[in-house]
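Per chain, numbering begins at 1; letters A, B, ... match sequence-line order.
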Amino acid sequence: MNNIRQISVFVENKQGRLSAIIRILKDNGINIRAISIADTKDFGILRLIVSDPDLACQKLREQKCTVTITEVVAIEIQDELGMLSSVMDILAEDKVNVEYMYAFLSKSDNKASIILRVDDNAKASEAFKKAGVIQLTENNICEL
Amino acid sequence: MERYWNKEMECATLSEMKALQSFRLSQTVRRVYENVPVYRERMDAAGVKPEDIKSVDDLYKLPFTVKQDLRDTYPYGLFAVPMDKVVRLHASSGTTGKQIVVGYTEKDLDTWAECCARALTAAGATKNDFMHVSYGYGLFTGGLGLHGGAEKVGMTVIPVSTGNTARQINILRDFGSTYICCTPSYALFIAETMEEMGISKDEIKLKAGLFGAEPWTEEMRQEIEEKLGCKAMDIYGLTEIIGPGVAFECSEQSGMHINEDNFIVETIDPDTGEVLPEGSQGEIVFTCITKEAFPLIRYRTRDIGILTREKCSCGRTLIKMKKPAGRSDDMLIIRGVNVFPSQIESVLLSLGNTAPYYKLIVDRVNNTDMLEIQVELSQEMFSDTIKSLEEEEKRIKNAIDSTLGISAKITLVEPKSIERVEGKAVRVIDKRKLH
């Protein structure tokens, strides 16, 4: 399995809440690889790919945060026009639904990484394999 | 010209009233002592015999009755007549899932109708008027109580009950209703809906409304009177005592006359139980002296109010009660529905994955009571998608709505963010400025 673990944290819409959560990670030497926030009027969900998901989860829960771990799919593509479009086509063709996604650029070699939360990880993984799309493992992410 | 339904009672002299009350009280006390074991035990424990209660001045000797007594004796433990004499039951929303039940004999129904007829007459109603009853009828006393009073007056009664506001407005207009009864907040909601429907107040013929079952302000009165083009009269009652009609407003609109030939009223210090002099603010206590099936003795209402015998311009001599200033316990009245925090707690707990930590925030927005329930998110409820959290909120909202009949806004908050306290938690923040 190529799935990687994402941690999600419930964040109340209150001043200083986000900074307090991020500080917990910093204080425990946990590095953030990718981050995204989904927000509503009253609360948000902070989604993170970190260097050590188990430790992050444990430390956040110790500080009374609501945390959950979800398996997501991560892929790496060339940072070129049309690349994301073809990736989305692959998923659409195999009827994989995307709940949400976020992307970040690699520090070198003109690459982009995409984190995908889909309704069926195995199906997405299979589709990417068939199409020759590079999938990242947790180790890959940590080394980035 | 002020009209009265029963001038003899409504305008009696103080000495006449006291003599009548004393006679009825002594009879009632003797009857409950003989027929209701709970009262007999209480009186024996307090060393009071029925013959010790000769006049209203002896009332203080009797033990109080409280809401818990009604729950402890649920359903019929405080009834003072055999069930074959009981022709009607009503119930009021329970606090911990257990409702209270009250009963009426045929004579009680007549007493009740008489009380409501006085209220309607004080509001100017006659047999030529049409009465639109939009209080609920199902077990709640509001609907049938005023229904009975209006029939006694000879009004044309339209038993609409609650719900479907557009239909209510069409009936108001088409049937030519001249009187209405409902909660004051619902009256305003009707006014707003009329505006949305493009129906002006000139198209309806309302002369007055009798509004009660929830606390309301002078500002709200003015707004109702202006928007519906009718007089807005306050009416007071409790299921335990009889229902609506325990007290009612007259043309002076400055407090409610208590039907004291049926219900003796006292104010007491809620902490010590000591009887307070007229004019002091205290907890309102009623003693039923004409009821047969369910005559409560010195029932503590938890309502805070002030009594006065100052001369009233309407000519009635019945003692007046200033609008209750609030409740001394934690019950919330939201859009006319009684809600206890414990009821909300039990709904949350019944859902399985919610924590029993919550906070209730009550506010009045555009004259409508709004209830927000902050619920602590549990680990089990949380997932990484917004969609699933919104589904959780909806699930709680639906459960509250179907169990308690109130619509609430659910806000999920972080675990442990609601303060924990030893003893009595402050679970309610009431932002309504009613007093």
Side-chain angles (χ1 to χ4, degrees), chain A residues 3-21 24 34-50 53 56-74 97-102 115-121, chain B residues 344 348-349 351-363 365-366 370-401 407-421 425-427 429 431:
Chain A
N3 298 346
I4 64 168
R5 287 173 297 165
Q6 165 195 269
I7 62 170
S8 304
V9 191
F10 181 80
V11 190
E12 235 184 285
N13 217 344
K14 277 198 300 216
Q15 200 169 16
R17 199 57 202 130
L18 189 57
S19 98
I21 291 167
I24 296 169
I35 185 167
S36 108
I37 293 184
D39 70 298
T40 70
K41 204 165 124 278
D42 299 311
F43 62 84
I45 299 174
L46 175 66
R47 298 163 184 145
L48 300 156
I49 305 294
V50 296
C57 197
Q58 181 204 330
K59 292 296 171 190
L60 286 167
R61 280 185 180 155
E62 276 172 19
Q63 299 297 315
K64 316 232 185 316
C65 292
T66 311
V67 186
T68 188
I69 292 186
T70 321
E71 292 201 341
V72 292
V73 176
N97 292 314
V98 178
E99 300 273 8
Y100 56 81
M101 56 185 272
Y102 47 104
I115 310 290
L116 289 148
R117 165 75 153 94
V118 295
D119 60 355
D120 189 337
N121 281 338
Chain B
I344 291 173
L348 291 178
L349 289 171
L351 289 171
N353 59 358
T354 45
Y357 296 102
Y358 58 90
K359 189 165 250 179
L360 310 179
I361 297 157
V362 192
D363 205 349
V365 182
N366 296 327
M370 305 296 281
L371 172 65
E372 180 190 345
I373 306 176
Q374 294 189 347
V375 184
E376 275 192 9
L377 181 71
S378 64
Q379 196 64 54
E380 293 80 356
M381 285 163 76
F382 182 56
S383 95
D384 63 315
T385 62
I386 298 279
K387 189 173 63 186
S388 61
L389 288 182
E390 285 175 342
E391 273 161 15
E392 283 293 343
E393 286 182 347
K394 203 166 167 193
R395 199 166 68 93
I396 300 171
K397 185 183 163 60
N398 290 346
I400 296 281
D401 200 343
S407 152
K409 176 188 188 300
I410 309 298
T411 306
L412 295 173
V413 298
E414 293 195 36
K416 314 284 188 308
S417 65
I418 292 170
E419 63 272 23
R420 273 42 168 176
V421 286
V426 181
R427 297 228 183 276
I429 299 170
K431 294 179 176 171

Working to the nearest 0.5 angstrom, can you tell me the gap between B/Glu414 CD and A/Lys14 NZ?
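So the gap between those two atoms works out to 6.0 Å.
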
Any chance you could measure A/Thr68, atom OG1, to B/Met381, atom CE, to the nearest 0.5 Å?
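Here the interatomic distance stands at 13.0 Å.
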
Would you say that [X] contacts [Y] through its side chain, given a criterion of any heavy-atom pair below 4.5 Å between the two side chains?
X	Y	answer
B/Ile386	A/Glu99	no
B/Leu377	A/Phe43	no
A/Arg61	B/Gln379	yes
B/Phe382	A/Ile45	yes

Side chain, backbone, both or neither: which part of B/Ser383 has an atom under 4.5 Å from a heavy atom of chain A?
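For B/Ser383, the contact with chain A is made by the backbone alone.
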
Heavy-atom distance under 4.5 Å to chain A: side chain of B/Glu393, backbone, both or neither?
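Only the side chain of B/Glu393 comes within 4.5 Å of chain A.
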
Closest non-hydrogen atom pair, [X] against [Y]:
X	Y	answer
A/Gln6	B/Asp384	NE2-OD2, 3.8 Å
A/Glu12	B/Val413	OE1-CB, 3.4 Å
B/Leu412	A/Phe10	O-CZ, 3.6 Å
A/Asp42	B/Lys409	OD2-NZ, 3.0 Å

Go through the atoms of A/Thr70 and report whether side chain, backbone, both or neither lie under 4.5 Å from a heavy atom of chain B.
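The answer is the side chain of A/Thr70.
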
Step through the shown structure and confirm whether more than 12 heavy atoms of other residues, nucleotides or ligands are within 6.0 Å of CE on B/Met370.
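At most 12 heavy atoms, drawn from other residues, nucleotides or ligands, come within 6.0 Å of this atom.
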
